[in-house]
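Report on the structure given below.
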Amino acid sequence: MALQMQLTYKKYLKTSLPPLLSTVSCSLIGAVDTAVVGHLGSYHYINAVSLGAVIFSTVYWLFGFLKISTSGFAAQAFGTHNPKEISYAFLRSVFAAFCIGIILVALQKPIYSFALYIFNPEQATEILLANYYNILIWIMPLTLVFQTAQGWFAGTLHVKIFVLTGVSTNVLNLILDLIFVIGLHLDVTGVAGASCIANICGFAATIYFYRLHQPLPLSNLSLQEMFHGPSFHQMLQCGTHLTIRMLCMILMVNSFLHQSSVFGGILLTANSILFQIQFIMGDILTGLSQAAAIYSGIAFGERNRKLLNDVLKISFVSAISVGGLESISYYILRQPILSCFTDLKAVLATAKEYDFFIAFYPFISSLGIVYYGLFNGALFTMPICISMLGTAACYLLAYFTLIPIYGNAGLWTSFLIFYVARTSLLLLFVPSLKRHFP
């Protein structure tokens, strides 16, 4: 009988650090994109990059179940020491990601038209947005494969590869940003070009490292088993639940930015900058979520109930501690942080009116984000789906009630209510998770 895994706070935090670095570096690139164009003298540049990033983030979130479920399947297969299932976890998801990417490229015009309908940007912003979108859409298949494969490397504890591919891709993006925008004066086109080249390099690195560390050669695998076995059907079921979860997230983000656009260019810019900051905060917590998913998956794979209980306890303490630290740190450093994004006085003044809302965000969202990973690693995704539907209902009620009365303050209050509901409703299912243990 294989020795079962033991978990400590040190081991948990050590595991969370690589995905934290990878995801935060990705958000920092979005922040750098905004900061680079934020000093070009017009808020239209910021809005074009922010809205373009939201369009692609929406797509990545919608199909983010591929990366998330890949991590869960890989972790459970890793826990059972099954090299065939570990291989299938990668190949199934990567194949699905590439096919979805091809479909998105084919549908690029209706996707863009729908985005314009939702955001209704000013004409000067729309021209810049079109340049950004028309470059990045063509590498969608490779970007989805790259992001999906990252989930596999995390789930199989290939920590160095996960960090190397994630961070190096984002560092390359950053360097190219500075060269194209500051050096060559390519503004929004330079930002898109930098992201394009960096993601192509990330895709190439992913394929290389998988070939280097593949558990079994392709000749030992069966296409029929890959797409007709019980794991494939479980993948479809988890994918359905997580897609509903992603749609609820997309509803919140897109309705938030749509309403920001209705308020006008300056408020849209200020809200977009604050959104970039909360993305970074959330990605720090996502590192803990990824660790929770890995150890939860291994616990279920090993049938190790003690490990599951340890994951629940350590995740709870870590989430509350890190979330609280983030809230306090932002409140203390809010002035210099905002100044990094732009030197436009009207935008800074508007952002300062509302930035105290995101000071609360890390603390109230921490448990929901981290425990989401825990449920996902267990491949017990129905509670995620149900809790997110309830969360969306709470958000919409607040959205349509508070905004007509309080304007942008009502919008940000609705945003916080979304995360309070998300955390509260998901925690109700923790006893069900324990009963789900095999």
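All values below come from the heavy atoms of this structure, side chains included, with hydrogens, waters and symmetry mates left out.
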Could you check whether atom OH of Tyr354 has more than 12 heavy atoms from other residues, nucleotides or ligands sitting under 6.0 Å from it?
yes

Please check this pair: side chain of Ser16 against backbone of Leu13, looking for a donor-acceptor N/O pair closer than 3.5 Å.
yes

Count the heavy atoms of every other residue, nucleotide or ligand shown that sit under 6.0 Å from CZ of Phe114, and state whether that count exceeds 12.
no

To the nearest 0.5 Å, how far apart are CG in Leu251 and CG in Leu396?
5.0 Å

Classify the ring geometry between Phe275 and Phe415 as parallel (under 30°), tilted (30 to 60°) or perpendicular (over 60°).
tilted

Scanning both residues in full, the closest heavy-atom pair of Gly202 with Phe146 reads O-CD1, 3.3 Å

Show the nearest heavy-atom pair for residues Val370 and Ala319, with the distance to one decimal.
CG2-CB, 3.6 Å

Phe429 CZ: over 12 foreign heavy atoms closer than 6.0 Å
yes

Measuring only between side-chain heavy atoms, which start at C-beta, is Ser424 closer than 4.5 Å to Leu428?
no

Nearest 0.5 angstrom please: Tyr331 OH to Ile337 CD1, how far?
13.5 Å

Heavy-atom pair of closest approach, residues Cys248 and Ala392:
SG-CB, 3.9 Å

As an exercise, state the distance from CD1 of Ile197 to CD1 of Ile135, rounded to the nearest 0.5 Å.
9.5 Å

If I take atom CD1 from residue Ile137 and atom CE from residue Met140, how far apart are they, to the nearest 0.5 angstrom?
4.0 Å

Less than 4.5 Å apart, any side-chain heavy atom of Ser315 and any of Leu288?
no

Do Tyr399 and Ser255 have side chains that approach each other closer than 4.5 Å (heavy atoms only, starting at C-beta)?
yes

For Ala205, does its backbone N or O pair with a side-chain atom of Thr165 as donor and acceptor, under 3.5 Å?
no

Which residue pairs pass the salt bridge (Lys or Arg N to Asp or Glu O under 4.0 Å) test with at least one member in residues 310-337, sequence neighbours excluded?
Lys306-Asp310, Arg334-Asp355

Check against side-chain contact (heavy atoms from CB on, under 4.5 Å), Leu433 and Leu312:
CA-CA 10 Å; Leu433 174 69; Leu312 283 164; 4.2 Å; yes

Please report the C-alpha distance between Thr148 and Phe98 in whole Å, then the side-chain angles of each, then the deciding distance to 0.1 Å, and finally whether the side-chain contact (heavy atoms from CB on, under 4.5 Å) criterion is met.
CA-CA 10 Å; Thr148 300; Phe98 187 80; over 6 Å; no

Heavy atoms of Ala48 and Leu128 approach each other most closely as CB-CB, 3.5 Å

Just how far is it from atom CG of Leu136 to atom OH of Tyr132, taken to the nearest 0.5 Å?
5.0 Å

How close do Asn271 and Ser260 get, counting heavy atoms only, and between which atoms?
ND2-OG, 2.8 Å

Check whether any side-chain heavy atom of Ile403 sits under 4.5 Å from a side-chain heavy atom of Phe263, and report yes or no.
yes

Does Phe209, at its CZ atom, have more than 12 non-hydrogen atoms belonging to other residues, nucleotides or ligands within less than 6.0 Å?
yes

Determine whether Leu338 and Leu274 make a side-chain contact, defined as any pair of heavy atoms from C-beta on separated by less than 4.5 Å.
yes

Phe380 and Phe375 aromatic ring geometry - parallel, tilted or perpendicular at 30°/60° bounds:
parallel

With Ser195, the side-chain contact (heavy atoms from CB on, under 4.5 Å) member among Asn173, Asp177, Thr169, Thr143:
Asn173

Parallel, tilted or perpendicular, as decided by the 30° and 60° cut-offs, for the rings of Phe360 and Phe356
perpendicular

Backbone N/O of Ile384 and side chain of Ser387: donor-acceptor pair under 3.5 Å:
yes

Compare every heavy atom of Ser327 with every heavy atom of Pro362, then report the nearest pair and how far apart it is.
CD-OG, 3.5 Å

Within-4.5 Å side-chain heavy-atom neighbours: Ser318 and Tyr12
yes

Taking atom NZ as the centre, does Lys434 end up with more than 12 heavy-atom neighbours from other residues, nucleotides or ligands that are less than 6.0 angstrom away?
no

Geometric cation-pi criterion Arg422 and Tyr372, 6.0 Å radius, 45° cone
yes

Can you check whether Val105's main-chain N or O pairs, donor with acceptor, with Gln108's side chain at less than 3.5 Å?
yes

Between Leu142 and Asn199, is any pair of side-chain heavy atoms under 4.5 Å apart?
no

Going through the checks in order, is the side-chain contact (heavy atoms from CB on, under 4.5 Å) test met by Leu285 and Ser289?
CA-CA 6 Å; Leu285 294 166; Ser289 180; over 6 Å; no

Under 3.5 Å, is there a donor on one side chain and an acceptor on the other for Thr423 and Tyr371?
no

Calculate, to the nearest 0.5 Å, the distance between atoms CD1 and CD1 belonging to Ile139 and Ile200 respectively.
5.5 Å

Side-chain heavy atoms of Val145 within contact of Phe95, under 4.5 Å
no

Check against side-chain contact (heavy atoms from CB on, under 4.5 Å), Gln278 and Phe357:
CA-CA 10 Å; Gln278 69 89 22; Phe357 283 99; over 6 Å; no

